[in-house]
Visitor: 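This structure is in structure tokens; I'll ask about it shortly.
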Amino acid sequence: MGVIADAFSRKSVTSTLDLFKEIYGGRKSSSGRTVNVNTAIDVSTVFACCRVVGEGLAQVPLKLRRKSKDGRSRTEAVDHPLYDKLANRPNRWQTSFEYREMIGWHVALTGNHYSFINRIGGEIVELFPFMPSSVTVKFDNGALTYEVVAEDGTKRVFPQESIWHVRGPSYLGWYGLEIVKHAREAIGLAMSTEEAVGQSTQKQR
């Protein structure tokens, strides 16, 4: 954790990330329901869809392959430093399945996933995932930078080469569409419908 701790060593005063106010703070839909990532997960249809996306990404083996010089064949690059990390354990607390399943959930709900590429001596030693709500992306003159806020409020800006950014459908090209925001009305309606059905069922008992 030394590299990660150092990444957040610079202190700064931070407010709520404007980019994620609507996603994580939530806004009321026309149905009167407050819709954000946390409330959206409680909707059975949203949960089921995220589970399909997450497990779909995770269940396929992820094995790094090396192309032959003539380009006609590919073999598993078991001697490559990234092989074991991608296939088995990208960091110290997650398996490859768990890591990729999490990426699926992040992208399905927020349109984006971010992982810090932890390098020591130029070699990638782990992929450290961030919560999407802690990251603000900035695009300037063709370059991306990532502002990451830790739980204690400290902030650090990472260059593009230090972050693995997985984007979902994108209108801008460099930032995935905020899924929950754009589906707010449908999710709010689903919340109201599920509650109405539940109340009706209780009355019939």
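Nothing fancy with the numbering, it's 1 onward along the sequence.
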Visitor: Should I163 and I117 be regarded as members of a common hydrophobic cluster, given that ILVMFWY residues are connected when their side-chain heavy atoms come within less than 4.5 Å of each other, either directly or indirectly?
Guide: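 No, I163 and I117 fall in different hydrophobic clusters.
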Visitor: Walk me through it: do V46 and L109 pass the test side chain to side chain contact (heavy atoms under 4.5 Å, CB included)?
Guide: CA-CA 9 Å; V46 174; L109 288 168; 4.0 Å; yes
Visitor: Examine the side chains of T110 and N112 and answer whether a donor and an acceptor come within less than 3.5 Å of each other.
Guide: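 No, no side-chain donor-acceptor contact under 3.5 Å.
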Visitor: Could you check whether atom CD of E151 has more than 12 heavy atoms from other residues, nucleotides or ligands sitting under 6.0 Å from it?
Guide: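 Count not over threshold, so no.
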Visitor: Do the rings of F116 and F158 sit parallel, tilted or perpendicular, given the 30° and 60° boundaries?
Guide: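 Because their plane-to-plane angle lies in the 30° to 60° range, the rings of F116 and F158 count as tilted.
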Visitor: Is there a side chain to side chain contact (heavy atoms under 4.5 Å, CB included) between C49 and T45? Walk through the geometry before answering.
Guide: CA-CA 6 Å; C49 289; T45 302; 4.2 Å; yes
Visitor: CD of E101 to CD of Q59: how many Å apart, nearest 0.5 Å?
Guide: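 These two atoms lie 10.0 Å from each other.
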Visitor: Start with the C-alpha distance between R66 and D79, add both sets of side-chain angles, then the distance that settles side chain to side chain contact (heavy atoms under 4.5 Å, CB included), and finish with yes or no.
Guide: CA-CA 10 Å; R66 180 180 289 110; D79 59 335; 3.1 Å; yes
Visitor: Taking C-beta and beyond as the side chain, do Q160 and H165 meet within less than 4.5 Å on heavy atoms?
Guide: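 A side-chain contact is absent here, since even the closest heavy-atom pair is not under 4.5 Å.
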Visitor: Hey, could you give me the NZ/OG1 distance between K63 and T75, rounded to the nearest 0.5 Å?
Guide: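 Going from NZ on K63 over to OG1 on T75, the span is 12.5 Å.
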Visitor: Which distance, rounded to the nearest 0.5 Å, do you find between the NE2 of H80 and the NZ of K85?
Guide: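 Taking NE2 in H80 and NZ in K85, the distance rounds to 9.5 Å.
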Visitor: Using side-chain heavy atoms (C-beta onward) and a distance below 4.5 Å, is W174 in contact with V137?
Guide: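 Answer yes - side chains close enough.
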Visitor: Do V148 and F139 land in one hydrophobic cluster if side-chain heavy atoms of ILVMFWY residues count as linked below 4.5 Å?
Guide: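 Yes: a chain of side-chain contacts under 4.5 Å links V148 to F139.
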Visitor: Looking at G176, is its backbone amide N or carbonyl O close enough to the side chain of R167 to form a donor-acceptor pair, meaning the two atoms are under 3.5 Å apart?
Guide: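 Pair absent, no side-chain N/O of R167 close to backbone of G176.
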Visitor: Give the minimum heavy-atom separation between V107 and G168, together with the two atoms involved.
Guide: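 Result for this residue pair: CG1-CA, 3.7 Å.
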Visitor: Side chain to side chain contact (heavy atoms under 4.5 Å, CB included) for R51 and W105? Distances and angles first, verdict last.
Guide: CA-CA 7 Å; R51 186 174 182 180; W105 278 74; 4.2 Å; yes
Visitor: Hey, could you give me the CG/OG distance between L144 and S162, rounded to the nearest 0.5 Å?
Guide: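 If I round to the nearest 0.5 Å, the distance is 12.5 Å.
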Visitor: Does L172 share a hydrophobic cluster with Y114, counting links as ILVMFWY side-chain heavy atoms below 4.5 Å and allowing steps through other members?
Guide: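 Same cluster: L172 reaches Y114 through Ile, Leu, Val, Met, Phe, Trp or Tyr contacts under 4.5 Å.
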Visitor: Do side-chain atoms of E98 reach the backbone of T95 as a donor and acceptor pair under 3.5 angstrom?
Guide: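 Yes: the side chain of E98 pairs with the backbone of T95.
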Visitor: S115 and Y99: side-chain donor and acceptor closer than 3.5 Å?
Guide: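 There is such a pair (donor and acceptor under 3.5 Å, judged by atom type) between the side chains of S115 and Y99.
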Visitor: Is the number of heavy atoms from other residues, nucleotides or ligands within 6.0 Å of CG (D70) greater than 12?
Guide: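 More than 12 within 6.0 Å, yes.
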Visitor: Without swapping roles, check the side chain of S96 against the backbone of R89 for a donor-acceptor pair under 3.5 Å.
Guide: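 No, because the side chain of S96 does not come within donor-acceptor range (under 3.5 Å) of the backbone of R89.
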Visitor: As a quick check of understanding, evaluate ring-ring contact (aromatic ring centres under 6.0 Å, His included) for F128 and W93, giving each step before the final call.
Guide: CA-CA 10 Å; F128 188 98; W93 65 93; 5.4 Å; yes
Visitor: What are the two closest heavy atoms between T154 and D152, and how far apart are they?
Guide: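 Answer, listing the atom of T154 first, then D152: OG1-OD1, 2.8 Å.
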Visitor: According to a 4.5 Å side-chain heavy-atom criterion applied to Ile, Leu, Val, Met, Phe, Trp and Tyr, with indirect links allowed, do L62 and L57 form part of one hydrophobic cluster?
Guide: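 Not linked; separate clusters.
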Visitor: Does E147 reach the side chain of K155, with side-chain heavy atoms less than 4.5 Å apart?
Guide: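 Contact flag for E147/K155 side chains = yes.
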Visitor: Salt bridge or not for R92 and E126, using N-O below 4.0 Å?
Guide: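 Judged by the 4.0 Å cut-off on N to carboxylate O distance, R92 and E126 do form a salt bridge.
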Visitor: Side chains of P81 and V125, heavy atoms from C-beta outward: is any pair under 4.5 Å?
Guide: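 Of all side-chain heavy-atom pairs linking V125 with P81, none is under 4.5 Å.
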Visitor: Can you check whether H113 reaches M102 side chain to side chain, under 4.5 Å on heavy atoms?
Guide: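 They are in side-chain contact.
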Visitor: Do F97 and V60 sit in the same hydrophobic cluster, where Ile, Leu, Val, Met, Phe, Trp and Tyr count as joined when their side-chain heavy atoms come under 4.5 Å apart?
Guide: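 No.
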Visitor: Of all the heavy-atom pairs spanning G173 and S170, show the shortest one and how long it is.
Guide: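 Shortest heavy-atom contact: N-OG, 2.7 Å.
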Visitor: Do any N or O atoms from the side chain of T145 and from the backbone of P159 form a donor-acceptor pair under 3.5 angstrom?
Guide: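 Judged by distance alone, no pair lies under 3.5 Å.
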